[in-house]
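Data block below; observations after.
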Amino acid sequence: MNLGEMDPAALWLAAGLVLGITELLVPGVFLIFLAIAAGVTALTVWALPDLPVGLQLADFAVWSVVCVVIGRRWYRDFPVDSDAPILNEPARRLRGQVVTVTTPIAGGEGRARLGDGEWPVRGPDAATGTRLRVAHVDGGVLLVEPLAD
């Protein structure tokens with residue numbers, strides 16, 4: 001049996017299964033929407049078996065867009081909670097960290113140690129050894145403030 005002899009609805013269903021399995025193997029929360037669209041197209045082709053291939057592809061394209069739009073809205077309205085919400089936002093991870101001034105902050109600029117690295121800092125004048133808190137990150141510069149007592 002060659003592809004030309006297979007039921008088009010079965011082909012669309014197989015495509016949906018392949019896309020769904022691929023989403024499980026390489027998660028990206030995108031292929032699942034195409035898998036759903038392929039499943040809906042399989043139902044359409046099953047209901048309308050003489051639907052030309054061009055219209056099948058158009059049906060798949062339309063349902064793909066609809067599924068992606070619905071999916072994006074779903075994830076916007078019901079965000080997935082994470083135990084590390086700022087994992088991919090390194091600048092936000094630095095906020096609140098305590099630094100130690102290594103080059104005195106004079107005229108608002110100096111250097112400070114954070115972890116095993118030394119960073120340029122801007123903030124209130126401070127002597128070497130002063131501990132300050134990172135309030136914000138501007139590019140590669142830490143904006144620091146005095147520690148709250």
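Only a predicted model underlies this, so the values are computations on that prediction, with no experimental measurement involved. All values below were derived from every heavy atom in this structure, side-chain atoms included, with hydrogens, water molecules and symmetry-related copies excluded.
Under a hydrophobic clustering in which Ile, Leu, Val, Met, Phe, Trp and Tyr are joined whenever their side-chain heavy atoms come within less than 4.5 Å, directly or via other members, L143 and L94 fall into different clusters. Neither L34 nor V69 shares a network with the other; the hydrophobic side chains, linked directly or stepwise wherever heavy atoms of I, L, V, M, F, W or Y lie under 4.5 Å apart, form separate groups for each. If you chain together hydrophobic residues whose side chains sit under 4.5 Å apart, W74 and I32 fall into the same group. Under a hydrophobic clustering in which Ile, Leu, Val, Met, Phe, Trp and Tyr are joined whenever their side-chain heavy atoms come within less than 4.5 Å, directly or via other members, Y75 and V68 fall into the same cluster.
Once rounded to the nearest 0.5 Å, the distance linking CH2 of W63 with CH2 of W12 reads 14.0 Å. If you take CG on L132 and CG on L114, they are separated by 11.5 Å, rounding to the nearest 0.5 Å. Considering CG of L31 and CD1 of I36, their distance stands at 11.5 Å, rounded to 0.5 Å.
In this structure, A37 and C67 approach most closely via the heavy-atom pair N-SG, 4.0 Å. Contact record, T100 with R131: OG1-CG, 3.9 Å, taken as the closest heavy-atom pair. Among all heavy-atom pairs drawn from G96 and R133, the shortest one is O-NH1, 3.0 Å. In plain terms, the two heavy atoms of A35 and L19 that are nearest each other are CB-CB, 3.7 Å. Summarising the geometry of D125 relative to G107, their closest heavy-atom pair is OD1-N, 3.0 Å, with the distance given to 0.1 Å. Across all non-hydrogen atoms, the minimal contact from I105 to G123 is CG2-O, 3.5 Å.
Using a 4.5 Å cut-off on side-chain heavy atoms (C-beta onward), D138 and R122 make contact.
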Considering only distance and modelled atom types, tabulate donor-acceptor pairs under 3.5 Å from the side chains of residues 42-51, sequence neighbours left out.
{"unit_1": "T44", "atom_1": "OG1", "unit_2": "V40", "atom_2": "O", "d": "3.0"}
{"unit_1": "T44", "atom_1": "OG1", "unit_2": "D59", "atom_2": "OD2", "d": "3.4"}

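Here the side chain of E23 pairs a donor or acceptor atom with the backbone of F30 at under 3.5 angstrom. Judged by distance alone, the side chain of R111 and the main-chain N or O of E118 form a donor-acceptor pair under 3.5 Å.
Environment of CZ in R73: sparse, with no more than 12 heavy atoms of neighbouring residues, nucleotides or ligands closer than 6.0 Å.
Tested against R113, the residues V101, T103, V121, T102 include a single side chain to side chain contact (heavy atoms under 4.5 Å, CB included) partner, T102.
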